[in-house]
Every structure is written in structure tokens, then in C-alpha cells.
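Here is the structure we will look at, set down as C-alpha cells.
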Amino acid sequence: MKKILFLHGFYASGLCIPAVALREAFAGRAEVITPDLPMHPKEAIRFIRELIEDEQPDLLIGNSCGAFYAQMVAPVVGIPALLGNPHFRMTEFLKPRIGAHQYKSPRKDGKQNFVINEALIEEFAEMEAIQFLDKPSDEAERDNCRPDFQDRIWGLFGEQDTLAHFEPLFLQHYKRSFHFPGGHTPTAEEVRNWYVPLAEKMLGQASSL
């Protein structure tokens with residue numbers, strides 16, 4: 001059975017609506033792994049790399065901040081990735097939100113509260129600075145934007161997204177861009193109608209390589 005690793009957005013968890021919808025849509029056809037990601041980006045990248053080594057997924061699917069991570073990891077580990085509304089400038093998202101917050105879906109450790117501060121923003125700034133490098137970086141353990149991955153990282157952009165507007169930046173590095181008539185966080189129906197068909201196509205192409 002194929003495996004898909006889903007990486008959720010910054011305020012979300014492995015039990016968010018897109019994660020649950022993906023698991024339900026692929027039930028009996030593919031295992032969808034939906035972990036809770038660490039809040040800090042460097043820790044999150046390490047966690048994702050270790051999970052990929054253990055689980056050996058066939059496809060990465062990320063949404064928002066999770067797509068930011070998927071784009072950085074995919075070329076290094078050699079796995080195709082579907083980026084849903086990728087937020088490539090997380091610092092811009094976080095700066096006006098300094099302070100205490102709560103995750104919007106339950107986390108397995110029960111910790112629902114977190115704080116956005118200047119140190120966290122600086123961590124994301126360091127990751128943003130190297131996210132599209134075409135040479136290996138010891139800091140991020142990656143060799144991104146490999147020419148052979150221009151067709152293996154696909155972007156899916158909501159036409160009503162009011163938070164992330166990075167399709168032009170995506171197209172500077174990758175070739176396959178798609179739209180769906182939704183907002184930043186897809187509904188379960190949008191996941192079924194738009195994310196799932198693209199994921200099926202990517203899994204099929206990966207099998208033929």
C-alpha cells in the first residue's frame with residue numbers, strides 16, 4: 001500500500017480537517033500519515049526527515065506552513081510533493097501575530113497553547129533565506145530546486161486565499177500550478193475534489209519512474 005505524509009499548517013495539527021479528509025479519501029488505498037509537527041521550524045524539519053526515514057512515504061502533501069516544509073524536504077529525500085497554498089514568507093504571517101495563541105485542532109500531547117515571539121520569527125527568517133537554494137546547506141540538510149524536481153513539486157492555489165499569494169514565486173522554481181475555488185485552508189469537500197485527484201496522479205507518476 002502506498003504511503004502519503006501530510007504536513008499541516010502552522011495553527012493546525014494532525015487532526016485538522018484536511019488531514020482527516022485525506023485519510024478518509026484514501027482509506028483502503030493508501031496510508032495517510034498525519035503527525036503533529038513541532039512549532040519551531042528547524043525542529044520541524046528534523047522531525048519530518050526522521051519520520052520520512054522511518055516510514056518511507058511515496059508522496060508529501062503540505063498545506064500552508066506544511067507546504068513550506070514539504071518544498072524544502074522533497075528534493076533532498078527524493079519524494080514528490082503537492083503544495084497546498086504554500087506560505088513561503090512565514091515571517092510576514094507571524095510578525096503581526098506576536099503573543100499567545102491556541103491551535104485550531106487538537107494535538108496528541110494535549111498542549112493547545114503556544115506563543116509567537118521574536119525568536120520564533122527569527123528562526124523562520126533563517127529558513128526562508130535558504131528555502132530556494134540550489135546548493136546543499138548543512139543548516140537545512142537540503143539541496144533544493146534541483147532541475148529534476150521542477151516537475152515533481154506541484155502547487156495547488158485557492159482562488160479565494162486571503163493569506164498566501166505565492167503562486168508567482170512558486171512558478172519561478174517549479175512548473176506545475178493548479179487552482180481550486182477555495183480559501184487558504186481547504187474544506188473536506190475541497191480536499192476530496194482537488195487535493196485527492198492530484199495526489200492520485202502524482203502517486204501514479206511516481207510508480208512509473
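- With rounding to the nearest 0.5 angstrom, the CD1 atom of Ile79 is 8.0 Å from the CG atom of Leu5.
- With hydrophobic clusters built from ILVMFWY side chains whose heavy atoms lie under 4.5 angstrom apart, Phe178 shares a cluster with Ile4.
- Shortest non-hydrogen contact noted between Glu31 and Met1 is N-SD, 3.6 Å.
- Side-chain heavy atoms closer than 4.5 Å link hydrophobic residues (I, L, V, M, F, W, Y) into clusters, and following such links, possibly through other members, connects Leu120 to Leu7.
- Within the model, atoms CG of Asn117 and CD1 of Ile121 stand 7.5 Å from one another, a figure rounded to the nearest 0.5 Å.
- Aromatic ring centres of Tyr174 and Trp154: separated by at least 6.0 Å.
- Pairs of residues two or more places apart, or lying in two chains, that qualify as side chain to side chain donor-acceptor pair (under 3.5 Å) and include a residue from residues 163-172 are Glu167-Ser177, Glu167-His179.
- To the nearest 0.5 Å, the span separating OG1 on Thr34 from CG on Leu22 amounts to 9.0 Å.
- Contact detail for Glu190 and Pro181: the closest heavy-atom pair is OE2-O, 3.7 Å.
- Here the CD1-CE distance, from Ile116 to Met90, works out to 7.5 Å after rounding to the nearest 0.5 Å.
- When all heavy atoms of Pro86 and Phe166 are compared, the pair lying nearest together is O-CD1, 3.3 Å.
- Side-chain contact between Leu59 and Lys2 is absent, with no heavy atoms from C-beta onward closer than 4.5 Å.
- Between Pro18 and Tyr195, the closest side-chain pair of non-hydrogen atoms is not below 4.5 Å.
- Using modelled atom types, no side-chain atom of Lys3 and backbone atom of Gln56 make a donor-acceptor pair closer than 3.5 Å.
- The two atoms that bring Phe26 and Val32 nearest to each other are CB-CG2, 3.8 Å, heavy atoms only.
- Following chains of ILVMFWY side-chain contacts shorter than 4.5 Å, one can reach Leu169 starting from Phe93, so the two form part of one hydrophobic cluster.
- In this structure, Thr185 OG1 and Asp161 CG are separated by 8.0 Å, a value rounded to the nearest 0.5 Å.
- You'll find the side chain of Arg49 reaches within 4.5 Å of the side chain of Val76, heavy atoms only.
- Residues in residues 101-127 take part in these ring-ring contact (aromatic ring centres under 6.0 Å, His included) pairs, two or more places apart or across chains: Phe10-Phe114, Tyr11-His101, Tyr11-Phe114, His101-Phe114, Tyr103-Phe114.
- The ring-ring contact (aromatic ring centres under 6.0 Å, His included) contacts involving residues 28-76 comprise nothing, where partners must be two or more places apart or lie in separate chains.
- At a cut-off of 3.5 Å, with distance as the only test, a side-chain donor of Ser64 or His184 sits close to an acceptor on the other residue.
- Shortest non-hydrogen contact noted between Ala74 and Ile153 is CB-CD1, 4.1 Å.
- Cluster membership check: Phe132 shares its hydrophobic cluster with Met72, using side-chain heavy-atom separations under 4.5 Å among Ile, Leu, Val, Met, Phe, Trp and Tyr.
- The pair Arg29-Glu200 meets the salt-bridge criterion, since a charged nitrogen lies less than 4.0 angstrom from a carboxylate oxygen.
- Across all their heavy atoms, Asp36 and Lys108 have their closest contact at OD2-N, 2.7 Å.
- Side-chain contact between Arg107 and Gln112: present, with at least one pair of heavy atoms (C-beta onward) separated by less than 4.5 Å.
- In this structure, the ring pair (Phe, Tyr, Trp, His ring centres under 6.0 Å) partners of Phe157, at least two apart in sequence or on a different chain, are Phe170.
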Practice item. List the steps, then state whether side chain to side chain contact (heavy atoms under 4.5 Å, CB included) holds for Ile45 with Glu50. Key: CA-CA 9 Å; Ile45 291 291; Glu50 291 171 0; over 6 Å; no

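- In this structure, Glu159 places its CD atom where more than 12 heavy-atom neighbours from other residues, nucleotides or ligands lie under 6.0 Å away.
- With sequence neighbours left out, the salt bridge (Lys or Arg N to Asp or Glu O under 4.0 Å) criterion links Glu24 to no other residue.
- Judged as a side chain to side chain donor-acceptor pair (under 3.5 Å), the pairs with a partner in residues 77-91 (not counting sequence neighbours) are, in order, Thr91-Glu128.
- The CZ atom of Arg152 lies 13.5 Å from the CG atom of Leu82; values are rounded to the nearest 0.5 Å.
- Connection of Leu37 to Ile17 is not established within any shared hydrophobic cluster, with ILVMFWY side chains joined at heavy-atom distances below 4.5 Å, either directly or through further cluster members.
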